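Let me begin by presenting the structure, written as structure tokens, before commenting on it.
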Amino acid sequence: MTSAVRFQNVSRHFGAVRAVDNVSLAIAPGEFFAMLGPSGSGKTTCLRLIAGFEQPTAGHIEIFGDTAEGLPPYRRSVNTVFQDYALFPHMTVGENVAYGLMIKGVARAEREARAKQALALIKLPGFETRRPGQLSGGQRQRVALARALVNEPKVLLLDEPLGALDLKLREQMQEELRALQHQLGITFVFVTHDQGEALSMADRVAIFNEGKIVQDGTPADIYERPRSRFVADFVGSSNVMGPDFAQRHGGPASWVSLRPEAIRVSAAAGIAAPGSADGQVIGLHYQGALTRVVIIAEGTRLIAAVPSGSVSLHEGDRVRFTWDRTALVAMADE
Amino acid sequence: MRSDGSPRAGFGLKLSAALGILFLHVPLALIVLYAFTTEDKSFAFPPPGLTLKWFATAWHDRPDIWPPLWLSLKVAVIATALAIVLGTLAAAALYRASFFGKESLSLLFILPIALPGIITGIALRSAFDIMGIPFSTWTIVLGHATFCIVVVYNNVLARFRRTSGSMIEASMDLGADGFQTFRHVVLPQIATALLAGGMLAFALSFDEIIVTTFTAGQQSTLPIWMLNELIRPRQRPVTNVVAVLVIAVTFIPILLAYYLTRDGEHTAGAGK
Amino acid sequence: MMAARAGTVSDFFFRRPGLLTLALLAPPLLWIGVVYVGSLFALLLQSFYHLDDFSGLVVHEFTLSTYAQLAAPANLAIITRTVTMAAVVTIAAAILAFPIAYYAARYAKGPMKALFYLAVMMPLWSSYLVKVYAWKLILAKEGILGWLAAQLHLTPALNALLATPVIGGPSLSISYIGTFLVFTYIWLPYMILPIQAALERVPKTLIEAAADLGAHPGQTFRTVLLPLALPGVVAGSIFTFSLTLGDYIIPAIVGNSRPFIGQTVYALQGTAGDIPLAAAFTVVPMAIMAVYLTIAKQLGAFDAL
């Protein structure tokens, strides 16, 4: 099957900086694909390579089977929602949305009708005559979305589109974006540095670090089976333990990750069996249904998430904590 | 403390600011007053009487005013047009550019106003001498355009900096090529800054004397005419009337330029 | 087809963004480079020639003798006089400008702020010659200052001032005081705007932080505002200093007959026909400004321009 977007050994260097370093990836049609990574990891450059704002230094890019490198953005069937929305301040909302159609030479009546439809789709009906300056951040973001979608792109690129919104609006938009993607069936490529956002929205997530994809897979894959220390660190609150700790307690001789929910805490008694260890509680953070327990054991700092009220714990308590061996995930030391 | 949290200015500060502003404006007001004086042999204050007759005299009896006025207008229009094109190109290039030496290049464009005008003047004159170029309207234009470029450059660059760079990318992303993007997105964004820069360039050129003296040869622009009247006065009040006219001609474009760029970018003055 | 061709050109430049920048830059750069810098070099070249004393013709041979002439006492006096005037004018303009800029930046709001801005812009942009002329009216013996002094019974004080050696003269318009006043007046707005811009860039929270840390207003001004306004003052001084160095009209119209650099250059290239010496003279303000601009750049003044 033809991929929606395919990178073959793509690199983009800026002088000595390898912003994107020999990346290969394939995004399936209709997929909601998230690129996740810290700033400067190359995820945004990858998005800009797809959009055509950047050209690869080396490698090959295909969009639905067509070679993309060398093509300027205006010759590609992809559209972008920008981080700062980039709405044209001198045009009305309606003119903004109809801009792509106007450039294509679509007759005025038709483009107005389609802009109207697009605005209805993103739940801003009747906003045609307003100016971008009169809109709230959330509304601007919706207009930016409509402006891209009205062109019926084969791939929609979203560059940290929710970054400027407050928490509540962000959560609402996450749901709406997800629903919109299902409804339209368009391939979405989404760049974010917020792992919660990536995991909750995407079908597949690629984790970027220093210009490379260090792991890609479903959100569950990424979360439960991080392949390296970097991924475990970045994706979540997984506990990361050194090879000696894991080996002492019956695990593999490598770095391991252990999710906080996989740890059970009880009072320390007798000798700890394999798959358990003793430590001291140094902090308790109540978070509603769960309480996060910070434990120091053999010089390693661990976090356990236990149901609130299940065990009575105090700071300074000696405790035993136990985990399933299967929950211990071996990782590369990078 | 007031409710908005900003303290009130002290009396001393207010007084010195007010006196400073007064110092800037009294001389201009006096020029206007002297255009109506009945005394034509000296600068006596207060004027012994007021009259409108000098306006009529200037209009009817002094044909020597008109050719310099036309020449000044002509030079200002051509120099402004050149400056608009060149200044915009320079601003666009330096806004896009991130190459080594960008700083020095921008310094190069500021140089014609950072160095004393007499240097520009005598440098151009000796270049004309060496190359055997005779003085003409174009030699004046050449000098004026050189220092007008920076005014447009400053205004347009300030606007570019305020304009989100992703706007151009957004336009291309939506299918517009470079020319379409320029027409539909870039030009509307910089239009008022361009106009403002053009107005200021016009005012600057219309009024220029230091460089012009060197590049005009025997020709007379309005400022040169005025300078001659200052050194060898014929009818002092007529000079006053022309001075008032010059104030009016330069004030209008400046007010317009201010109006066009009033939301936030007040770089215009530093551009002179 | 026109549109297709435009698209092709657009594609061409898209693939070569550096070339587009170059294409944009080329016309203005050529203009400034050829017309302006070329002329400056022509001028510089002339300064290495010399004027033959007997024939009165320029000898096109490389020599430093013209520069040596600059060191003649009369010429040194001209340079000292001009630089001193430029320095005094710059200091006076900074002192006068600061309260205006400070008030406009920190206290004026809304329409008042716009009014202040225009009140500075108008004199800045209004005709240079008209402004000089206005001072001729003001400083004339029978003019408004003399009248004002008489009204306030200060005529003896004015006369005493005019009797002061060096800076005095037969009347205000024929004295260094007059020249100084006009220079300061004409260049003052160039000092106000950059200081105001620098002050406006100081975030309000910084002032509040200083107050919060126990500084009283005077201390806040001295330790926070003044250092942060300094680049603005330096930026303004570039204009006041440079413009005073090169001016030849103000001292010719208002002042005693002792020449400044600008007048000397004007006279040398005109009636005297000694282009080499005139060129060498212009190198003086150029060199001073080069040093000045280098220091200003170090102090971050260019961001305040």
Side-chain angles (χ1 to χ4, degrees), chain B residues 9 13-14 16-17 20-21 23-25 27-28 30-31 34 42-46 86-87 89-90 92-93 96-97 108-109 112 114-119 122-127 130 142 146 149 177-179 200 203 207 209-210 223 226-227 230 243 246-247 250-251 254 258 266 269-270 272, chain C residues 6-7 10 13-14 21 24-25 27-28 31-32 35-36 38-40 42-43 46 96 99-100 103 107 117-119 121-131 133-135 137-138 140 142-144 147 188 193-194 238 242-243 245-246 248-249 253 262 265 269 275 278 282 285-286 289 305:
Chain B
L13 176 64
K14 269 187 182 164
S16 41
I21 294 288
F23 174 62
L24 284 173
H25 286 267
L28 293 175
L30 278 176
I31 281 281
Y34 272 96
S42 77
F43 298 127
F45 188 91
L86 295 172
L89 286 175
R96 284 173 51 89
L108 192 62
F109 288 112
L115 282 181
I118 192 169
I119 295 180
I122 187 174
L124 284 170
R125 176 170 211 155
S126 50
I130 291 172
L142 212 64
T146 304
I149 290 174
D177 66 29
F179 296 96
L200 295 175
D207 174 42
I209 175 91
I210 305 242
M226 268 191 72
L227 183 62
L230 279 186
V246 171
I247 293 179
T250 45
F251 269 26
I254 295 154
Y258 170 75
H266 289 160
K272 183 163 178 180
Chain C
S10 182
F13 279 125
F14 185 82
T21 307
L24 291 171
L25 191 58
W31 183 283
I32 293 285
V35 175
Y36 187 67
S39 302
L40 285 183
L43 183 66
Q46 302 255 20
L96 281 175
I100 302 176
Y103 186 87
Y107 297 102
Y117 182 73
L118 278 177
M121 284 292 284
M122 288 312 221
L124 171 75
W125 282 96
S126 56
S127 171
Y128 163 84
L129 216 50
V130 169
K131 287 182 286 189
Y133 180 46
W135 279 88
L137 305 180
I138 293 170
E142 71 278 16
I144 185 170
W147 172 80
L188 180 59
L193 290 174
I238 293 175
S242 158
L243 292 167
L245 279 186
Y248 62 90
I249 289 180
I253 293 180
V265 170
Q269 64 86 37
I275 298 274
T282 59
M286 268 199 268
M289 284 320 292
L305 275 179

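Being a predicted model, the structure only gives us computed values, none of them experimental. Letters A, B, ... are given to chains in the order of the sequence lines, protein chains preceding strands, and every chain is numbered from 1.
- For C:Ile249, the part lying near chain B is the side chain, with the backbone staying farther off; criterion is any non-hydrogen pair under 4.5 Å.
- The choice from B:Leu124, B:Ile118, B:Ile122, B:Leu30 that makes the most heavy-atom pairs within less than 4.5 Å of chain C is B:Ile118.
- Of the two parts of C:Leu137, the backbone and the side chain both hold a non-hydrogen atom closer than 4.5 Å to a non-hydrogen atom of chain B.
- With chain C as the partner, the residue from B:Ala127, B:Ser126, B:Ala92 showing the most heavy-atom pairs under 4.5 Å is B:Ser126.
- Residue contact with chain B, scored on non-hydrogen atoms closer than 4.5 Å, involves the side chain of C:Ile253 exclusively.
- Heavy atoms of C:Ala119 lying under 4.5 Å from chain B belong to its backbone as well as its side chain.
- A heavy-atom distance below 4.5 Å is not found between the side chains of C:Tyr248 and C:Val265.
- Contacts between C:Leu129 and chain B at a heavy-atom distance below 4.5 Å involve backbone atoms as well as side-chain atoms.
- Chain B forms the most heavy-atom pairs under 4.5 Å with one residue out of C:Gly246, C:Ala134, C:Pro28, and that residue is C:Pro28.
- Residues B:Ile119 and C:Pro285 are in side-chain contact: their nearest non-hydrogen atoms beyond the backbone lie under 4.5 Å apart.
- Interface residue C:Met122: backbone and side-chain heavy atoms are both found under 4.5 Å from chain B.
- If you tally non-hydrogen atom pairs under 4.5 Å between each of C:Ala278, C:Ala42, C:Ser39 and chain B, the highest count goes to C:Ser39.
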